[in-house]
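Computed from a predicted model, the values in this text were never measured in an experiment.
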Amino acid sequence: SEDDNTMDEYPTEIHDYLAAFEKSLGSVDEMLKTMMSVSRSELLQKVDPLEQAKLDLVSAYTLNSMFWVYLATQGINPKEHPVKQELERIRTYMNKVKEITDKKKASRLDKGAASRFVKNALWEPNAENEHTSKSPAKGKKRQ
């Protein structure tokens, strides 16, 4: 048959890559169907502004990545196309959102507790008579 002749014209490794590509396209299609099943306004009402930004950035990055692949399939070098700068711009904003997320996750310092901890850990020369545990191990008492 005609399909058998075209199969013989290219290496089997390419067939494996094409099968993996087709599987990936199926996954993307399923994700897009899931995303499109909910209206954008309804989705944005359910998430906070930071999550909205993440969603918008992922959407823009995905669309531009798909355009990159399209250009490559048309024989156009995407590295020389403005889509490269757009992807870099989006990646910059993704990094900024990640920094904000990391700052939110970072533990916050309780200044009062830290001050009390440091104050109680320090040796106080006036309190030698009251707290012997705070006096230095080597040293003479002043009289």
Side-chain angles (χ1 to χ4, degrees), residues 1-140:
S1 84
E2 200 171 306
D3 288 338
D4 291 335
N5 291 337
T6 57
M7 290 284 286
D8 294 335
E9 292 179 16
Y10 60 89
T12 56
E13 295 86 22
I14 292 176
H15 178 72
D16 295 340
Y17 287 126
L18 288 173
F21 181 67
E22 184 178 24
K23 184 179 177 183
S24 295
L25 281 178
S27 297
V28 169
D29 188 42
E30 288 300 315
M31 283 187 240
L32 285 174
K33 285 179 182 174
T34 303
M35 268 185 76
M36 301 304 272
S37 68
V38 179
S39 73
R40 181 167 167 73
S41 60
E42 184 181 339
L43 182 63
L44 293 179
Q45 289 174 357
K46 295 179 181 179
V47 295
D48 66 356
L50 189 60
E51 293 299 317
Q52 288 177 17
K54 287 180 183 179
L55 181 64
D56 288 341
L57 287 168
V58 167
S59 298
Y61 194 83
T62 302
L63 287 171
N64 281 283
S65 296
M66 290 170 65
F67 187 65
W68 176 287
V69 172
Y70 170 76
L71 290 173
T73 63
Q74 299 302 306
I76 300 170
N77 185 357
K79 292 179 182 177
E80 297 173 359
H81 192 275
V83 73
K84 181 180 180 193
Q85 287 82 21
E86 184 64 14
L87 284 167
E88 289 172 358
R89 186 181 72 84
I90 295 168
R91 198 173 300 129
T92 300
Y93 286 113
M94 290 173 113
N95 287 335
K96 287 181 182 182
V97 168
K98 185 180 182 313
E99 287 175 17
I100 292 169
T101 304
D102 290 347
K103 283 181 184 177
K104 278 188 166 186
K105 288 181 183 177
S107 60
R108 304 221 188 273
L109 176 66
D110 182 351
K111 291 180 183 177
S115 175
R116 289 188 301 275
F117 177 78
V118 170
K119 183 178 177 182
N120 289 328
L122 293 175
W123 172 70
E124 296 177 20
N126 295 338
E128 280 184 352
N129 295 334
E130 296 174 19
H131 303 290
T132 56
S133 64
K134 289 186 180 180
S135 63
K138 296 178 184 177
K140 298 178 181 178

| task | Could you pull out the closest heavy-atom pair between K79 and K84, with the gap in Å? | result | O-CD, 3.4 Å

| said: So E86 and F67, do their side chains get closer than 4.5 Å, heavy atoms only? | reply: no

| Atom CG in L71, atom CG in N77: separation rounded to 0.5 Å? | 9.5 Å

| Is the closest basic N to carboxylate O distance between K103 and E99 below 4.0 Å? | no

| query | Does CD in Q85 sit with more than 12 non-hydrogen atoms of other residues, nucleotides or ligands closer than 6.0 Å? | reply | yes

| query | Does K54 pair with D48 as a salt bridge, N-O distance under 4.0 Å? | reply | no

| Hey, mind stepping through L50 and K104 against side-chain contact (heavy atoms from CB on, under 4.5 Å) and telling me if it holds? | CA-CA 11 Å; L50 189 60; K104 278 188 166 186; 4.2 Å; yes

| request: Find out whether R40 and D56 are in side-chain contact, i.e. whether some heavy atom of one side chain is under 4.5 Å from a heavy atom of the other. | output: yes

| side-chain contact (heavy atoms from CB on, under 4.5 Å) between V58 and M94, intermediate numbers included | CA-CA 8 Å; V58 167; M94 290 173 113; 4.1 Å; yes

| Taking all non-hydrogen atoms of both residues, which atom of V83 and which atom of P78 are closest, and how far apart? | CG1-O, 4.0 Å

| query | About how many Å separate CZ of R89 and CG of N64, when rounded to the nearest 0.5 Å? | reply | 8.5 Å

| field | Student check: side-chain heavy atoms of H81 and W68 closer than 4.5 Å | value | no

| query | Can you list the steps and then say if V97 with L57 is a side-chain contact (heavy atoms from CB on, under 4.5 Å)? | reply | CA-CA 9 Å; V97 168; L57 287 168; 3.6 Å; yes

| query | With distance as the sole test, does D29 use its side chain to make a donor-acceptor pair with the main-chain N or O of L25 at under 3.5 Å? | reply | no

| Separation between CG of L18 and CD of E13, rounded to the nearest 0.5 Å | 11.5 Å

